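Structure first, then comments.
We name chains A, B, ... by the order of the sequence lines, and we start the count at 1 in each one. Just the heavy atoms: all of them, side chains too, but no hydrogens, waters or symmetry mates, feed the values below. Bear in mind that the values here come from a model prediction, so they are computed numbers and not experimental data.
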Amino acid sequence: METKTGAALVIGAGISGIRSALDLAEMNYRVFLIDKSPHIGGILSQLDYQFPTDHCGMCKMLPTIGRDASSQFCLRKGLFHENIEVLPATEMTALEGEPGNFKVTLDSAPSFIDSQKCIGCGRCSAVCPVDVADGFNGGLSKRKAIYLPVPHNIPNRFTIDIAACTRCGECEKVCPTGAVDLRSEARRAFKILVVDDELVVRDSLKEWLLVEGFSVDMAESGAEAIDLLSSNDYGLVLLDVKMPGMDGVEALQIMREIKEELPVLMMTAYATVETAVQAMKFGATDYLMKPFDIEALIAKVVGHYERTVTVTGRVIEVGAVIMAAGSDFCDPAKNPGAFGYNLPNVVTGLQFERLVSGSGPGEGKLIRPADGRPARKIAWLQCIGSRDLQQKADFCSSACCMFSIKEALLAREKSGGEAETAIFYMDMRTFGKDFQRYRDEAEKVSGVRFIRSRVHTIESEPDGSLKLDYLDEKGAQREEVFDMVVLATGQRPAKGTIDLAQSAGIELNPAGFCRTDELYLARSTREGVFAGGSFAGLKDISESLILAGSASLEASKLIWSKGGTQAASSPSEAAFEDLSKDSPRLAVALCACATPLRGGLDLESLGAGLSRWDPSIRVFQVERACTLSGRTALLQNMKESGCNMLSIGACMPCLYGKMLVNLAKETGLSPQLMDVVDIYSPAYRSGETDPLLASARIQSAMKMSIGRLKTADPTPATSFGIIRKALVIGGGVSGMTAALAIADHGFKVDLVEKEGAPGGLARSVCRMIDGARTAAVIEKLTSDVRANANISLHTGAEVIASKPYERLSFLTTIKTENGEAKQLDHGVTILATGGREAATTEYGYGTSDSILTLFELEARLEKGAAAADLGTVAMIQCVGSREPGRNYCSRVCCSSALKNALRIKKENPQTDVFIFYRDIMAYGFLEAYYTKARQEGVIFIRYSLDQKPAVFVSDDGKIRISALDPILGKDIVVEADLLALSTGVVPNDLSGPGEMFGIEANEDGFFREAEYKWQPVNSNKRAIFGCGLAHSPRSIPESIAMAQAAAQRALVMLNREKVQAGAVVARVRRSICSLCERCIPACPYGARSRSEEEDRILIDELACQGCGSCAAVCPNSASVVRGYGDRQVMAMVEAALE
Amino acid sequence: MAHSQALGAPGHSARDPFSEISKNLRACMQCGTCTGSCGSAAKMDYTPRQVWRMVQSGLKEELFTSRTFWLCSSCYYCTLRCPRGLPLTDTMAALKRVATAEKYANDRKSPPFYKAFLDSVRKYGRVREAEMMTRYFLAVKNPALPLSFVPLGMKLLAKGKMELQLPGVSRGGKLERLYKKVMELEAAQ
Amino acid sequence: MKYFYYPGCSLEHSAKEYDLSTRALMRLLGRELLEIEDWTCCGASAADTASRLLSIVLPARNLALAQKSGETADMLVPCSSCYLNLKRADQLIGRDSQTRGLVNEALAEEGLSYGGGVRVRHLLDVLANDIGAGAIAEGLKQSLPGLRVAPYYGCQALRPFADFDDPEQPHSMDSLIEATGASVFDWSMGAKCCGAGLMTTKKELAQELVADLLDAAKGADCIVTVCPMCQMNLEAGQKKISRMRGRPLEISIVYLPQLLGLSLAMSGGGLRLDLNLALTRPFKQRLAAMAK
């Protein structure tokens, strides 16, 4: 495992970091997953409900292949994977070396709580006297200085907010296990020198710093300070700028000569700020403004102190780095008056999510935060801090429109349909797959009001309600009172991004997010450093995960190309002895280490009790089971006892995952036949004072474990080898990208393209939005594909049949260019069948040479027809789109229209350009192009579905477009020389491959993914993936990212000699199966089928995820799930009831 | 169709002050925050949002026959709140400037008032309120107008906060040279 | 501590009491005011209707005079309109070299030049931030308990330069008022517009705006202002506006330095309350009672 190049670092343990880490771990690389916060999950740990299901689905990210390598529980609680080392409260401070061979320095913040000892009992929190705003609940509630960062985490360790902690020591006193150590001694040892000529200043500073537990010396002049400095060891100096005699700057220069590294904070009044700033050039660390804001001052001092005690310098070696450090929300408190954010009952979107969360301050009830009264009329305001040049946010945050609709629907649900909801917006950006339908349903079925308006004034009413003033679409002033207002705050770069970028040596874009390649969105400006998720800017969950997949693919490719193959074979794939014929011989190991957790537990009597209960078991004690010496002792004892099952009584079972895997490797015993039981903390957690009752409880837990193991099915999990070759259908940008990604990992790929040349729809696109030639992209991809020995490109070929083949693989027949049939065997399939520009007969298309489709306009512009002879160009957006019949947004038309308009304006500013639109879908950084187009003088005229523009062709060949201008409230006419219709994108016919591979298309004919957000490139079938336009309309760079993500998922399967099914999978007891087939549709993973030849139900064990749906529907218990058999569960119940 | 408004070119000439104004407003996306925030909007014949649209679309004649921009009180709410950061209050002033320069007679009171004010400044360096108001009344030539200001004038006189002074007839003045230079410089622009 | 002092035209005549009370208060608080010699009009909102360049040159002339004096100080401006014009000129000149060139070509006629750098401060900013409520409370001689004071900021002290307060929901006057022992009347109109110059040219509209303000101040004992234009619009024509709305809307209007001065036991005479146009009888009686 420790191969130098077989490792990667993932920065940020939010969903995209987790996605990338899992991807790479599944590829058998070793992954370090760090996060600066004390927990994983990022922003998602705060969100309970997500579009489109309005539930959480994070667990769907967990590995489905080789899934026993990872924990199989809620990802919002924790992540355990044998190849991933999670390092919370850790930051990267330096990144050196070359791509494929980086040296990374990691700094971990001091924790003050020993995670090995904390049992999460909460007694510390109960005695903590400090109340601060709870960031987890968006500040809506209070928490203590010692607290649980996330209420539902596992293991649930407390953490200390050291900035808020007063070091009163109460928590130290009550901790039953001695886990808290505030290191007050260390603070006392940290000496601070205060230099100021004014006694008042010195005295008050000394007082404040002493309260914080530091030691303080004072000096009243520069000279005195220097004297003290030469004979004392100070950690920090606070130095006044303006002093009689030697001033602060002079003193600083001398201090620098004596102690070069000593941090010095300058203290300055307003008048001498510039001097203080100047002083920083002479090596001052920072400056403080007088009069002092005590909190800010203390925070700065503590910050410097922390830096000196941070555990620094762990250096790891990795081949690639993925930056997934996420993003923050715009903070309306910085501009409170503007959005009424300082008024009661005005909350941010995140605060609303916390309000309706079961673990939030309202315990899931829809109430107003200020007075707890039910909120029955709620308004959402869009674009708070987005699309706002005043706030330097010339971008759209991409996710807010959809999360606001979701929140409005949640409000309806939580209020039993009572709450009235209204969303105030400028453009409703429903640009993603199925977004438009979701919006339409919210409006038509659930009665969410959509009001196109930017609210300009919010005022508080005496009863705490909020009066909103706004201008309606017709321009009339309206006034409406709401119970609560939710601000859809936009995204901002995460705090600390600038420092992080500096440490990583990458550049940021003008908005402060990671600057990425125009074409390969996961590539940062430094080779070998990749970006995933919203760190690269403005993404929803689905897009974050796609980019995370793209980043892990790039990282994997790099590590691979530098010679780092996967490790020999994963331990969990080791073949274990088949013990099904053996009788159970169970050993119980009790950990006898001297942990304070042990309390008064008497291991002797516990062991004796168990032996009495079941004389067949062997009980022994080991010292410190979790250490290497403990493991050696365990091994020794197991060998002596000749056991074939093991139950360990110790602390913190969740820490034992990796050790059990190692034990399994050494003993040949499947980890499924080993178990770890927490025998220490239950006594504390339940607050049990009666030692007898506590030990009875522990004994009962041990007995359940023994019962479970003795009735376990000892048959080892099945392994399968698939054919390690891929088939990619569709030779467009997506297909070629996916094929290259797989081939670059050394696997054979057949790439089938129905046209005579690869390139797909991109061949009809002349330019990218940044002006680059699309043809260059296609040429490069094509030559790479042709040059790659692992890729067989079949142009002019068509897939005509496919059937299941040996080793859970496929045998597919294609018809080649010459009309010959050719058979291809492959283990995985990627559908990249693409799409095309939709046809239309609307708006007089076909009646004039001057009425074109968007692509036709582009072709004409490319030929140079553009500017010179064009007086006026008009464009109509959403032709045939976002209306019944084709009710989705094609996503690329708005940006293409902006691209073409800007090109026309650039080539001839005299040309007038009019764009008729419904909502401009300039999501993310595309917004800047929208702003630019307006600045260049392009005129945008909005129309609605019930009043579409009318087009007439005059005798002189001019196109007359008449429409209502909703701003002027007048009918207007535009006479254009050219009219371009944005007709949108439709998918190529998926029904052929769909039928052959057993996958479905959605109602618009696009690839139906397993789960929109969490498994965007998977189908419902195990080895079939989809990407590109076949999946949904998207730009070329977005298609590339998605193709890489799809290839990454496919590689996880190809990468292994043997793919192991999970230990928990379903079986059918053939003797009692009545072949009623109810289980087949019940299986959400399509793992079941009926074999006509053998006349029985077949299970694809790789596809089966052990969910138990089949067992639930089976009328006569013929379907069972291993590990959850009746006998086993009953044995545990019995043991528990003893 | 008879009532429809043909949208033309917003004006491309850089020298045309109207197209200068239009350049400043191009980034407007018609969100209406300005109109909503405007204390005078209810009395305007076109709302601020419509004014920007008219500037963008080159509807100059319609705009200058309206009196919308003369109703701007320079409260700067629209400028403060505009998500595009456009200089909207300044644009209202610019429209007043163009209307004055091109002698659009869409408001009888405002241009004479501002002129009277600036004349007073040119002459004395500082505004002499009584003198300035007299100039204004003379220019507007509305016999009823001065009457509405009599009660206030009397109060101020009584408190010694206003000094009666008739407009002087002499040419020249304290800031005459400065004014002249500014006009020269601006004309050369 | 010294400040350049730019009173502006109104403070010479119709807002004399604002000028006098400001000078008196600053003297009491130990601040020296250096009135700019030979200052001229800032151009108000009129200059911009005639010439954009003039609207920058007029205030720039005063900034140049201040700089020429050789002193270094912030420029204290009690009139919001002057404050805005001076600040805007300073920023434009500092930021845009083309404007700077033109302005200086014009200023050369007066033998002056300006390259930016004088910090323009509104009187309210100085009172709230340099002097602070603490100093008022410390010097408190005559507490004003029970007096309900509606703080009125108007527009141009807050917008477009949101330098020292929230331009939508300002609060900088709150602590100053509280320091006098009076209470802050809770209303949401503090940053709304009084109609400003429209009182001359669009009287009907401006009176509607003022009427809304007076209506909302019902329940307060007085409104405090920090701008001569606001003061004038609010105090003149209260009778007519009451008739217009069909209800009595008379209320006392005083300048902030007058209110602060009262609490520091400066005599009403020194504060020139005799010059205010709208002081209700109950208000005067209360002042008289407190003086005893």
Task: Winner by heavy-atom pair count (cut-off under 4.5 Å) against chain A, out of B:Ala42, B:Cys82, B:Cys34 - done: B:Cys82

Open item on the list: Quick check for you: to the nearest 0.5 Å, what is the distance between B:Cys78 atom SG and A:His456 atom NE2?
Closed with: 12.0 Å

Open item on the list: Can you tell me which portion of B:Cys28 sits under 4.5 Å from chain A's heavy atoms? Options are side chain, backbone, both or neither.
Closed with: backbone

Task: Region of A:Asp394 in contact with chain B, defined by heavy-atom distances below 4.5 Å - done: side chain

TODO: Select one option (side chain, backbone, both, neither) describing which atoms of A:Gln391 are under 4.5 Å from chain B's heavy atoms.
DONE: neither

TODO: Taking atom NZ of A:Lys958 as the centre, report whether more than 12 heavy atoms of other residues, nucleotides or ligands fall under 6.0 Å from it.
DONE: yes

TODO: Output all residues satisfying side-chain contact (heavy atoms from CB on, under 4.5 Å) with B:Asp45, sequence neighbours left out; order by chain, then residue number.
DONE: B:Ser66, B:Arg67, B:Thr68

- [ ] Please indicate whether A:Asp946 has more than 12 foreign heavy atoms, meaning atoms of other residues, nucleotides or ligands, lying under 6.0 Å from its CG.
- [x] yes

Task: Donor-acceptor contact below 3.5 Å, side chain A:Gln390 vs main chain B:Thr79 - done: yes

Enumerate, atom names and distances included, each donor-acceptor pair closer than 3.5 Å involving a side-chain atom of residues 147-159 of chain B, sequence neighbours excluded.
unit_1: B:Ser148; atom_1: OG; unit_2: B:Leu145; atom_2: O; d: 2.8
unit_1: B:Lys159; atom_1: NZ; unit_2: C:Asp274; atom_2: O; d: 2.7
unit_1: B:Lys159; atom_1: NZ; unit_2: C:Asn276; atom_2: O; d: 3.1

- [ ] Step by step, work out the side chain to side chain contact (heavy atoms under 4.5 Å, CB included) result for B:Gln30 and A:Arg934.
- [x] CA-CA 11 Å; B:Gln30 285 88 41; A:Arg934 288 208 177 247; 3.0 Å; yes

Open item on the list: I need the minimum non-hydrogen distance between A:Lys970 and B:Tyr46, along with the two atoms involved.
Closed with: NZ-OH, 4.3 Å

Task: Straight-line distance of A:Arg454 CZ to B:Met29 CE, nearest 0.5 Å - done: 6.5 Å

Task: A:Leu968 and B:Arg49, any side-chain heavy atoms less than 4.5 Å apart - done: no

- [ ] Please look at A:Glu479 and chain B and tell me whether the side chain, the backbone, both or neither of the residue comes under 4.5 angstrom of a heavy atom of that chain.
- [x] neither

Open item on the list: Under a 3.5 Å distance rule, please check whether A:Gln477 uses its side chain to pair with a backbone N or O of B:Thr35 as donor and acceptor.
Closed with: yes

TODO: Would you sort out whether B:Arg53 and A:Ile941 count as a side chain to side chain contact (heavy atoms under 4.5 Å, CB included), showing the intermediate values?
DONE: CA-CA 10 Å; B:Arg53 188 62 161 183; A:Ile941 300 162; 3.2 Å; yes

Task: Side chain / backbone / both / neither for A:Leu389 at chain B, heavy atoms under 4.5 Å - done: both

Open item on the list: Working to the nearest 0.5 angstrom, can you tell me the gap between B:Cys31 SG and A:Leu471 CG?
Closed with: 9.0 Å

Open item on the list: I'd like to know whether B:Arg84 forms a salt bridge (charged side-chain N to carboxylate O under 4.0 Å, His left out) with A:Glu927, so could you lay out the CA-CA distance, the side-chain angles of the two residues, the decisive distance to 0.1 Å, and finally the verdict.
Closed with: CA-CA 12 Å; B:Arg84 306 263 99 180; A:Glu927 177 72 14; 3.1 Å; yes

Task: Region of A:Tyr470 in contact with chain B, defined by heavy-atom distances below 4.5 Å - done: neither

Task: Heavy-atom donor-acceptor pair, B:Gln50 side chain to A:Ile967 backbone, under 3.5 Å - done: yes

Task: Residue B:Leu25 versus chain A: region with a heavy atom under 4.5 Å - done: neither

Task: B:Ala41 portion near chain A, given a 4.5 angstrom heavy-atom threshold - done: side chain

